[in-house]
Colleague: 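Please find one structure pasted underneath; my questions will follow.
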Amino acid sequence: QVQLAESGGGSVQTGGSLRLACVASGRTHSPMSVAWFRQAPGKEREFVAGISSLRGATGYRDSVKGRFTISRDNAANTVYLEMIKLEPEDTALYYCATAVGATTTTSMRVIKLYNTWGQGTQVTVSS
């Protein structure tokens, strides 16, 4: 069984930056695709960015393209989400999640594919 722990959230002003980290522990030997989702109060959880176990293919939701970058350090079992030019609309609880096997840039957006979730880290952007 895999456990996920997110960190790096915080409060910043518009235009600020944060780097989130998702560390996996436990049975991490199987190839896993990882994604970041976020959920704002009163809204549904939404896909933010994903990275596939297949050649590290990445995908982003349109509103974060050019501002967010997902990357992974396999040796450290860690996936990062670098966020720049943050906007108040980015305020949410950010979760990382894993799916066993490879995802595509299309399938990585499907929340039902992910079977392991972290507890989330709060990102607050003030104007």
Side-chain angles (χ1 to χ4, degrees):
Q1 192 171 357
V2 175
Q3 294 82 42
L4 302 175
E6 303 99 332
S7 62
S11 296
V12 297
Q13 293 188 325
T14 298
S17 302
L18 286 171
R19 187 175 80 156
L20 307 183
C22 172
V23 180
S25 60
R27 300 184 66 178
T28 60
H29 56 273
S30 299
M32 292 184 293
S33 298
V34 182
W36 287 93
F37 290 79
R38 66 187 181 188
Q39 188 166 19
K43 295 189 176 181
E44 291 189 354
R45 194 169 297 189
E46 63 184 18
F47 171 82
V48 177
I51 186 163
S52 176
S53 62
L54 184 62
R55 293 187 290 274
T58 59
Y60 301 88
R61 70 178 299 103
D62 286 347
S63 63
V64 308
K65 284 181 181 176
R67 300 189 299 121
F68 291 12
T69 303
I70 189 170
S71 62
R72 68 194 304 165
D73 180 344
N74 289 329
N77 290 327
T78 302
V79 170
Y80 300 99
L81 185 67
E82 189 81 35
M83 307 185 294
I84 65 171
K85 300 179 183 177
L86 283 161
E87 304 167 353
E89 293 74 21
D90 296 316
T91 295
L93 189 60
Y94 283 69
Y95 299 90
C96 66
T98 60
V100 176
T103 54
T104 67
T105 53
T106 299
S107 69
M108 63 175 56
R109 302 161 194 273
V110 179
I111 195 169
K112 289 188 292 185
L113 285 184
Y114 297 89
N115 51 15
T116 301
W117 293 79
Q119 295 298 307
T121 185
Q122 178 67 38
V123 172
T124 303
V125 185
S126 57
S127 57

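Basis for what follows: all heavy atoms, side chains included, without hydrogens, waters or symmetry-related copies. Just so we're clear, the structure is a prediction, and the values are computed from it rather than from any experiment.
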Colleague: Report the distance from atom OG1 of Thr104 to atom CG of Leu113, rounding to the nearest 0.5 Å.
Modeller: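 The OG1 atom of Thr104 sits 8.5 Å away from the CG atom of Leu113.
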Colleague: On a heavy-atom basis, which atom in Met108 and which in Thr103 lie closest, and how many Å separate them?
Modeller: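 Smallest heavy-atom distance, with atoms named: CB-OG1, 3.6 Å.
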Colleague: Any side-chain heavy atom of Met83 within less than 4.5 Å of one from Arg67?
Modeller: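 The answer is no, as the side chains (C-beta and beyond) never meet within the 4.5 Å cut-off.
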Colleague: For the residue pair Ala102 and Leu54, what are the closest heavy atoms and their distance?
Modeller: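 Ala102 and Leu54 have their closest heavy atoms at CB-CB, 3.7 Å.
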Colleague: Write down the atom of Met32, the atom of Ser53, and the distance for their closest heavy-atom approach.
Modeller: O-CB, 3.4 Å
Colleague: Tell me whether the centres of the aromatic rings in Trp117 and Phe37 are closer together than 6.0 Å.
Modeller: yes
Colleague: Might you point out which heavy atoms bring Val123 and Leu18 nearest each other, and give the distance in Å?
Modeller: CG1-CD1, 3.9 Å
Colleague: How long is the gap from CZ on Arg72 to SG on Cys22, to the nearest 0.5 Å?
Modeller: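 It is 10.0 Å, given to the nearest 0.5 Å.
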Colleague: A side-chain contact here means heavy atoms from C-beta on lying under 4.5 Å apart; do Thr91 and Gln122 qualify?
Modeller: yes
Colleague: State, yes or no, whether a side-chain contact exists between Thr58 and Thr105 at a heavy-atom distance under 4.5 Å.
Modeller: no
Colleague: Over all heavy atoms of both residues, which pair between Pro88 and Thr14 is shortest? Give the atoms and the distance, please.
Modeller: CD-OG1, 3.4 Å
Colleague: Distance from Leu93 atom CG to Lys43 atom NZ, nearest 0.5 Å?
Modeller: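 It is 14.5 Å, given to the nearest 0.5 Å.
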Colleague: Linking I/L/V/M/F/W/Y whenever any side-chain heavy atoms sit under 4.5 Å apart, do Tyr95 and Val110 land together?
Modeller: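 Yes: a chain of side-chain contacts under 4.5 Å links Tyr95 to Val110.
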Colleague: Backbone N or O of Gly9 within a donor-acceptor pair of the Thr121 side chain at under 3.5 Å?
Modeller: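 Side chain of Thr121 to backbone of Gly9: a pair is present.
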Colleague: How long is the gap from OG on Ser63 to CD on Glu89, to the nearest 0.5 Å?
Modeller: 9.0 Å
Colleague: Quick check on the hydrophobic clustering: are Phe47 and Phe68 connected, directly or via other members, by side-chain heavy-atom contacts under 4.5 Å?
Modeller: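 Cluster IDs for Phe47 and Phe68 differ.
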Colleague: Is it true that Tyr80 and Tyr60 fall in one hydrophobic cluster, defined by side-chain heavy atoms closer than 4.5 Å?
Modeller: no
Colleague: Can you tell me how far the OH atom of Tyr94 sits from the CD atom of Glu6, to the nearest 0.5 Å?
Modeller: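 Going from OH on Tyr94 over to CD on Glu6, the span is 12.5 Å.
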Colleague: Check the surroundings of atom CD in Glu46: do more than 12 heavy atoms from other residues, nucleotides or ligands lie under 6.0 Å from it?
Modeller: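 Yes.
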Colleague: Within the supplied structure, the quantity of interest is the number of heavy atoms (other residues, nucleotides, ligands) at a distance under 6.0 Å from Gln119 CD; does it exceed 12?
Modeller: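 Not more than 12 within 6.0 Å, no.
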Colleague: From Glu82 CD over to Leu20 CG, what is the distance, rounded to the nearest 0.5 angstrom?
Modeller: 9.0 Å
Colleague: Could you give me the CA-CA distance, side-chain angles and deciding distance for Val12 and Thr124, then say whether side chain to side chain contact (heavy atoms under 4.5 Å, CB included) is met?
Modeller: CA-CA 6 Å; Val12 297; Thr124 303; over 6 Å; no
Colleague: Between Glu44 and Ile111, is a side chain to side chain contact (heavy atoms under 4.5 Å, CB included) present by the stated rule, with each step listed?
Modeller: CA-CA 11 Å; Glu44 291 189 354; Ile111 195 169; over 6 Å; no
Colleague: Hydrophobic cluster membership, with links at side-chain heavy-atom distances under 4.5 Å among I/L/V/M/F/W/Y: are Tyr114 and Trp36 in one?
Modeller: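 Different clusters.
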Colleague: What closest approach, in Å, do Ile70 and Val79 show between heavy atoms, and which atom pair accounts for it?
Modeller: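 Here Ile70 and Val79 meet closest at CG1-CG1, 3.8 Å.
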